[in-house]
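Comments concern the structure below.
Naming: A, B, ... by sequence-line order, numbering from 1 per chain.
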Amino acid sequence: MSPDTKVRNGASGASALLPRVNDQLESWTQRLVRGSGAHRGAGRMVVALLIAFALFTALNPRVFLSPINLQNIAVAAPEIGIISIAMMLVMLTGGIDLSLVAIANFSAITISMLHNTIAASDPALANSLGIVIVLAGIVVGMLGGAVNGFLVSVVGITPILATLATMQIYNGMAIVWTGGTTLYGAPQLLATIGQTAVANAPLLFIIFLAVAVLIAILVNRTALGRMIQLEGANPVAARYSAIPRRAVLMKTYTYGGMLAGLAGVLFLARNPTASADYGASYVLLVIVIAVLGGTNPTGGFASVTGVVLATLTLQVVSSGFTAIRLSSYEYAIAQGVILIAVMILDAVSSTRARRQKKVASAPRSDVPTPETALPRA
Amino acid sequence: MSSDTVSLVPSPVVSANGIFKSFGGVPALVDVSIDLIPGEVHCLAGENGCGKSTLIKIISGVERPDSGEILIDGVSHSHINANAAIKSGIQVIYQDFSLFPNLTVAENIVLTAEVARRRRLYSPASVRPKAEEILRDLGLDLDLDREVSELSVADKQLTAICRALVNDARAIIMDEPTTALTHSEVSRLFALVERLRARGVALMFVSHKLEEVLAISQRLTIMRSGRQIVTGPTTDFDERSISHYMTGREVDESRVVSELDATAPLALELVDLSLAGAYRNISFGLRRGEILGVTGLLGSGRTEIAESLFGVTPADEGQIKVNGAPVRIRSIQDAVSAGIGYVPEDRLSQGLFLEKSIADNIVASSLRSHRTRWGTLSRDAIASTIKHYFHGLKINARNAQAPVRTLSGGNAQRVVLAKWLATSPTVLLLNGPTVGVDVGSKQEILELLRVEAAKGMSVIVISDDAPELVSSCHRVLVIKQGRLTHILEGDEITVDTIQERMSA
C-alpha cells in the first residue's frame, strides 16, 4: 500500500532508475490489484502517478523534488484521500455523498469549539481530554452520515439530492455556530500527530494508509462490503437475493460520515484552525479522485488502491503546478482535463463491455452443437 | 432456399440471405435465409434460445449480422438500421407491444406515424379519423378513448397491430403473439391475421406452439441451435415432424418422478392466501421432497403467488406455514429466513449480478453464513462453497472468476440455482426455470431439481411449459384468473390435460 514511497526514493535517487522501478511496481501493483479484487483503476493510476511525477521532476527538479515539497504532498494528501475513500464507499452502492466535506468541517469545528470552551476555564483539562474531544468530532461525523443514510435508505430520497440538502444544512449550521469566523485552537494531541513522523513518513500519511487498508478489508473481506458491492452492481438482483438494502445503505453512509469526521480531525492536525468554508473545492475534487481511482460512477466496482493512487496523483499535479508557478485555476483546468480523459478511456472500454453484455441477454443456444445434417425442404 | 417457388408467388417484401451472427464467439445464427412474401404467413418455430429472436432483431435492424444480406424489395443491404426498417414497412410486434400505457388507444395507434412524418404539432381532431378508419377496415371493435393501461392483453395487441398498419406496414413480425391469450382471443387474432393476409401483408409468426403453427401458417421454418433446420409449405408437416425438427429427437413426454413418501411432512402450507387484484383463496400443501408444478396463462396470478411467498408483494390475507409453523412474510428477508428461495422469472435483471463473477454470484445470498468468528468472510469456506456448486452444477466456464454476463442462458440459470442452493432452503420456488435454456441444459436443470428434492428440499416450479411440468412434477396446480382451479395428480398429468385446463 505504499508504492509512492518507492517511487519517491527511486526518482529522487536517480531518474535513470525510473524504468526499473516502474516495472517492479507494475508487477507488484498488478498482484496487489488482483489480490484485492479490484478490477480497474489501480493499474492505470500507477502509470498516471509516474507520468505526473516524471513530468514535474523534469520541469523543475529543484523545487519539485525538494524535501519540503515531498513532505507537503504526504501531509496534504491524507485528508483529501480519506474523504475520497468515503466517497468511493458510497459510490460503490451506486450513490453519492456531497455532504462529506461539510461533515468534515463540522467535525473540525466541533472539536475546536469543545477544546476552546474547556480550555477557557482549564487548559490542562482540555489537553488531557484531547482524545475524548477528538472522538466527539468523529461521532458527529457518524451522526451526519447516519442522517444521510436515513434519508437515502428509509425515506428513499435520491442520494445526490438528499446529500445536497444535508450539505447545505451542515454547512449552514457550522456558519451559524461559528458566526462565520475561523476558530483557532485544537487539542495538543492533534498538533503532536500532525508533526510526528515515523521513519521519515508523516504520521498523517500512515493514518491514511491504515484507513485505506481497513476500508479495503471492509469492502473485500466482510459480508457488509460484499453486500455494498452487490447493491451497487444490481439493486434489483440484490433485493431478490435478500440483501437488506436499508441496513446496507444506512451503514455505508454512516461509515462515510465517520471517515469524513476523521478527515476533520486531520484538518486540525495539519493546522489548528477550523472554519465552515474550509476545503470548498474538495467537494468535487474527491469525486474526481474516486472516479479516477476506478470507482464505477453507477456503483458495484471500486478499488481502494486505485483511490489512494489517484489521491497521490492529483496531489503531485497540484504541488507540481505550484513548483512550475501555475495558479490554482490552472490546476482546476487540469483536474477537469484529467477527469474527461479518464471518462473517455472508460467509455471506450465500457462500450466494449456493453457489446459483450448483449451476449448474455441475447437469446441463443447454449451449446453450439454441430447439427446432424437434416434436410432442408 | 425457396428459389423453386419464388416464381409462382409475389416477390418477397423482405428476405434475409445467408445470415451469420455470433455473440462473443458463440454462434447464434448460422447461415439462415428466410423470405417474407406478401399475403403469406410464415411461421418461425423453434425452442427457446434457438435464435428466433436474434433473427427478428436482424430483420428489423436492431442487430447487425456478422455476414449475409437483407433484401428489401430486392435491394440488398448488408445491414439496415431500425428506422430504415420501419420506413420500408417492416414492423415488429414484440411480446410487450411497446405501447404508451398513459395514452389512449387512438393516440397510440396514430402517434408514432405522426412523429415519423415529422409533424411538429399534434391535433387530436385530425388524427382520430385515421384511427377510426383502421378499425373499420379491420372490422375491429376497440374503444379509441380508453387508456391503454386499462386494456386487456388481447386488446393491447390489437392496438399494436393497428399501429403497425397506420405505419404502412407491409411486413408484420409477431413475436410469440399468443402466449398471453385465451382460446377465444387466439381465434379472434387468427381471424384478423387472415384479413391482413388478404390485404397483401407479409406476416411472420414466431411461436413454439405446434397447433397454432399448423393452423395459421402457409410456410414454416424451423430453427434449432441457431441453424435453419427446415423450411417448407406448412402442409408438408404435422405436429410430430415439427416437434421432431424442433428438438432433434422424439418428444419426450415420459415422466421421471420419484415415488413420494405419503407420510412425508408438509414443508409448506398455504391457507386461503389472497392478494387483491392478483389471486384469491389459494390453499395447498407441499410435502418434503415434493416437486409441485404451478401453471396458468400469463397474468393468471401464478407469478404473483410465487412473489408473495417470497415476500416481493406480500399477501393481504391468509396464512403461510413452513414446516408446520406459521410464518409472517412481509419482505424478502422474511422469506429467506423462513427457508424460502426464489429463482426469478427475469434471470438477467432479478437473478444475477451480470458484471460480477460467478463466484460472487454464488455466495451473494449466503454471505452471512461464511463468516469467521472475527466477522470477516472466511476465504476457505467461500472457496469450498464455490467449488462445490461450480463443479456440482457443472457450470460451464473457464473458471469461477469469469463475469456472469459471459455465460449462456443455461449456465447463468445454474448460477442462480447455486446461489439459492447455497442457502440450503426448505422450499425453492423457480419461476420459468428453463426459459431461454437449450434442450440439453433443460433436462440437466430438471435433473438437478429431482436430485435436490430427493435430498429433502421441496420445490415449486412455476411454468407454462407443459412438457417440463409433466417430466418433473409430482402434482400440478392450475391457476386461472387468480383462482386455483385444478389439481392434477399422477396419470392426469399429461401435456394435453395441462394445456387444456390452463386455457379452457
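Going from atom OG1 of B:Thr376 over to atom CZ of A:Arg221 covers 7.5 Å, rounded to the nearest 0.5 Å. Atom CZ of residue B:Arg379 and atom CG of residue A:Asn220 lie 8.5 Å apart, to the nearest 0.5 angstrom. Atom CG of B:Leu367 sits about 10.0 Å away from atom CG of A:Leu224, to the nearest 0.5 Å.
Closest of all the heavy-atom pairs between B:Gln333 and A:Ala242 is CG-O, 3.8 Å. Listed here is the closest heavy atom pair of A:Ala237 and B:Gly351: CB-C, 4.2 Å.
Put simply, the side chain of A:Asn234 never gets that close to the backbone of B:Leu354: no donor and acceptor are under 3.5 Å apart.
Neither the backbone nor the side chain of B:Trp374 comes within less than 4.5 Å of any heavy atom of chain A. Looking at B:Ala364, the atoms closer than 4.5 Å to chain A (heavy atoms on both sides) sit in the backbone and in the side chain alike.
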Report task. I would like to know whether A:Arg226 and B:Val363 meet side-chain contact (heavy atoms from CB on, under 4.5 Å); could you show each step before the answer? Result -> CA-CA 10 Å; A:Arg226 293 291 188 92; B:Val363 292; 4.1 Å; yes
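Counting non-hydrogen atoms of other residues, nucleotides and ligands closer than 6.0 Å to CE of A:Met142 gives a total of 12 or fewer. The local environment of OH in A:Tyr255 is sparse, with at most 12 non-hydrogen atoms from other residues, nucleotides or ligands closer than 6.0 Å.
B:Lys356 places a side-chain heavy atom less than 4.5 Å from the side chain of A:Phe301.
For the set B:Thr423, B:Ile382, B:Leu352, B:Asp346, the entry with the most heavy-atom pairs within less than 4.5 Å of chain A is B:Leu352.
Pairs engaging residues 236-250 of chain A under the side-chain hydrogen bond (donor to acceptor under 3.5 Å, both in side chains) rule: A:Glu231-A:Arg245, A:Tyr240-B:Glu307, A:Tyr240-B:Gln350, A:Ser241-B:Lys419 [sequence neighbours left out].
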Only pairs under 3.5 Å count here: list side-chain donor-acceptor contacts from residues 206-214 of chain A, not counting sequence neighbours, and write none if there are none.
none

